[in-house]
Amino acid sequence: MALYNGITLPNAPDLENVRRLDLMVLPTINRMSRYGIAIDPDYLAELGSQFALEMADLQRDIASYIPAHALERFSASAAQIEEAEGSATINASSAEQIRTLLFDLLAVGRDQKLKTTGAGKTSTGRKNLDLCRDDHPVVPLVLQYRERAKLKSAFCDALPGKARLHPRAECCPVCELSHVEHTFRLHTEFPTTRAITGRLSSRNPNLQQIPIRTDLGSRIRAAFVASPGTKLVSVDFSGMEMRDLAHLANAESLLKLFRVGFDPHVNTAMKTFGIDDPAKVDKYLHRLPSKRTNFGIQNGTTEKGLHAQLVGDYWQAGITPPDWLTQEWCKGFIVSWHTVYPEVQPYFNTRYYLARRYGFVWDPWGRCRYIPQVYSSLPYKVHEGLREAQNFAVTASNAEQTKLAMAECEEIFTDLLDAGVWVFPLLSVHDQIIAEVEDDWATQVGEQMVHVFEHVMDDRDTRERLWRCPIRSDCEILDRWKAKD
DNA sequence: CAGCACGGCGCG
DNA sequence: ACCGCGCCGTGCTG
């Protein structure tokens with residue numbers, strides 16, 4: 001019984017097995033790192049100056065809410081005063097100054113229990129601000145400023161400086177056919193033994209954190225471009241963490257959904273809200289909380305955490321959080337969730353037992369994670385360890401599967417390259433692989449990669465499926481990353 | 001001026 | 001008191 005290249009599923013600690021798996025991806029990530037991915041620096045610069053203008057306006061509007069008697073308590077940096085044409089008196093990037101304005105001067109969130117920072121002061125993080133977004137008109141302004149500041153500094157400003165200029169002959173043979181003279185490419189490092197879960201990491205720059213979740217953010221992603229004459233082929237596992245949970249917990253309630261291809265989040269919504277027709281499930285009102293609960297529960301969330309998350313989600317979707325969305329409601333929702341998927345809690349309990357019994361847990365491939373906190377005398381440390389134990393096998397399995405898929409896709413890439421077709425791996429983002437493929441071959445390579453992904457858990461000898469849950473993957477063919485053509 | 005801790009936030 | 005990462009600006013210190 002073996003997967004690709006002799007990797008096995010011992011379901012017991014097996015460091016030799018995961019060592020071989022970790023080594024298998026080295027040729028691919030080495031090639032990804034050396035070859036790099038092309039960006040459009042002019043586009044990023046243009047986006048960055050747009051953000052700068054909006055930030056200056058927002059900062060001025062925020063400053064206008066400072067009570068006159070408190071003006072001397074603030075000071076914006078010289079550069080920011082200049083950008084705001086001399087009228088700014090607050091540095092909106094300073095959490096300290098925002099905290100003073102919101103909580104000391106404007107009494108925002110006075111009637112709520114808000115999260116505090118390590119130093120015991122009220123946090124100005126997004127979760128807290130979403131909870132008191134209605135208290136004062138300055139709160140949404142701060143959030144809008146924050147979004148732009150993050151996107152500008154971490155991406156528009158930082159990425160172009162890390163790109164290297166490549167003459168076209170160096171980057172790809174297909175470029176010879178193009179009028180484009182050169183490309184700017186980012187050469188990310190992918191450390192393989194950094195993340196405890198067995199995931200790859202990414203740094204200098206981190207390309208696993210390129211925005212996508214907001215409208216503004218996905219405009220950054222569009223700065224990543226296919227080389228001339230090629231397409232970006234992006235293949236990812238579809239809903240894989242839920243599928244892995246279904247297998248690991250042997251949860252028939254989940255497995256039967258995946259076998260017939262029924263969206264588990266829609267199912268959760270129908271069962272917990274008492275809706276009888278899938279068409280009546282609202283994408284935001286019902287499906288979103290169900291989806292969040294699915295992921296939150298996997299990570300050991302509390303009703304308080306889930307509540308803050310959902311309030312933020314609703315604001316983000318442009319919906320004022322409904323009155324019934326309370327911590328109490330979230331508590332009941334979590335209970336309902338476990339009623340709908342009754343095999344999950346017993347699975348978690350087994351993970352807790354293993355962590356306490358052995359001091360470590362492992363995934364089906366044999367990767368181990370030590371959980372020393374379970375022996376702590378501090379209850380919150382124990383709980384911290386139990387959450388890690390609960391989450392580990394799901395995240396780790398996901399990582400092993402992606403690495404198996406990557407190693408097998410490498411055969412597709414190198415075989416075609418030998419045959420004179422331009423195919424090159426660019427990135428891996430946790431549950432997806434992105435490659436650059438000569439125009440005419442993009443669709444076919446995408447289909448081959450999808451096949452690799454969906455059969456990654458098949459026995460190589462008997463073709464028997466070694467995972468209880470069917471595996472599905474999606475493929476996108478793009479000219480720019482996440483900007484459908 | 002460089003280095004550091006912190007608060008905050010981007011992604012899966 | 002939601003898991004796993006890496007990186008930004010601020011504010012302080014040597």
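Computed from heavy atoms alone, side chains included, the values below leave out hydrogens, waters and symmetry copies. Chain letters run A, B, ... following the sequence lines, proteins first, then strands; residues in each count from 1.
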Which is true for A:Arg369 with a 4.0 Å heavy-atom rule: it touches a base, it touches only sugar-phosphate, or it touches nothing? sugar-phosphate
[X] side-chain proximity, nearest of [options]:
| X | options | value |
| --- | --- | --- |
| A:Pro211 | B:dC9, B:dG7, B:dC11 | B:dC11 |
| A:Arg194 | C:dC3, B:dC11, C:dC5 | C:dC5 |
| A:Ser153 | C:dC8, B:dC11, B:dG7 | C:dC8 |
| A:Phe155 | B:dG10, B:dG8, C:dG6 | B:dG10 |
| A:Gln432 | C:dT10, C:dC3, B:dG12 | B:dG12 |
| A:Glu388 | C:dG11, C:dC3, C:dC7 | C:dC3 |
| A:Ser93 | C:dG11, C:dG6, C:dG9 | C:dG9 |
| A:Lys150 | C:dC8, C:dG6, C:dG11 | C:dG6 |
| A:Asp431 | C:dG11, C:dC3, B:dG12 | B:dG12 |
| A:Ser201 | C:dC5, C:dC2, B:dG8 | C:dC5 |

Do the side chain of A:Arg146 and the base of B:dG8 come within less than 3.5 angstrom through a donor-acceptor pair of N or O atoms?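 Not at all, since no donor on one side and acceptor on the other fall under 3.5 Å apart.
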Looking at [X], does any N or O in its side chain come under 4.0 Å of the phosphate oxygens OP1/OP2 on [N]?
| X | N | result |
| --- | --- | --- |
| A:Asn398 | C:dG4 | no |
| A:Ser94 | C:dG11 | yes |
| A:Arg387 | C:dC3 | yes |
| A:Ser123 | B:dG8 | yes |
| A:Gln97 | C:dG11 | yes |
| A:Arg213 | B:dC11 | yes |
| A:Thr302 | C:dA1 | no |
| A:Thr301 | C:dA1 | no |
| A:Asn91 | C:dT10 | yes |
| A:Lys115 | B:dG8 | no |

Using the closest heavy atom to pick a nucleotide of DNA chain C for each, name whichever of A:Gln209 or A:Thr395 lands nearer the 5' end. A:Thr395
Atom pairs, protein N/O to nucleotides 2-5 of chain B N/O, distance under 3.5 Å:
none

Do the side chains of [Y] and [X] get nearer than 4.5 Å, heavy atoms only?
| X | Y | result |
| --- | --- | --- |
| A:Pro289 | A:Tyr314 | yes |
| A:Lys403 | A:Met24 | no |
| A:Thr192 | A:Leu200 | yes |

Please determine if A:Asp57 and A:Arg60 form a salt bridge, counting it only when a charged side-chain N lies under 4.0 Å from a carboxylate O.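 A salt bridge is present here (some side-chain N lies under 4.0 Å from a carboxylate O).
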What orientation do A:Tyr358 and A:Phe360 show, parallel under 30°, tilted 30 to 60°, or perpendicular over 60°? tilted
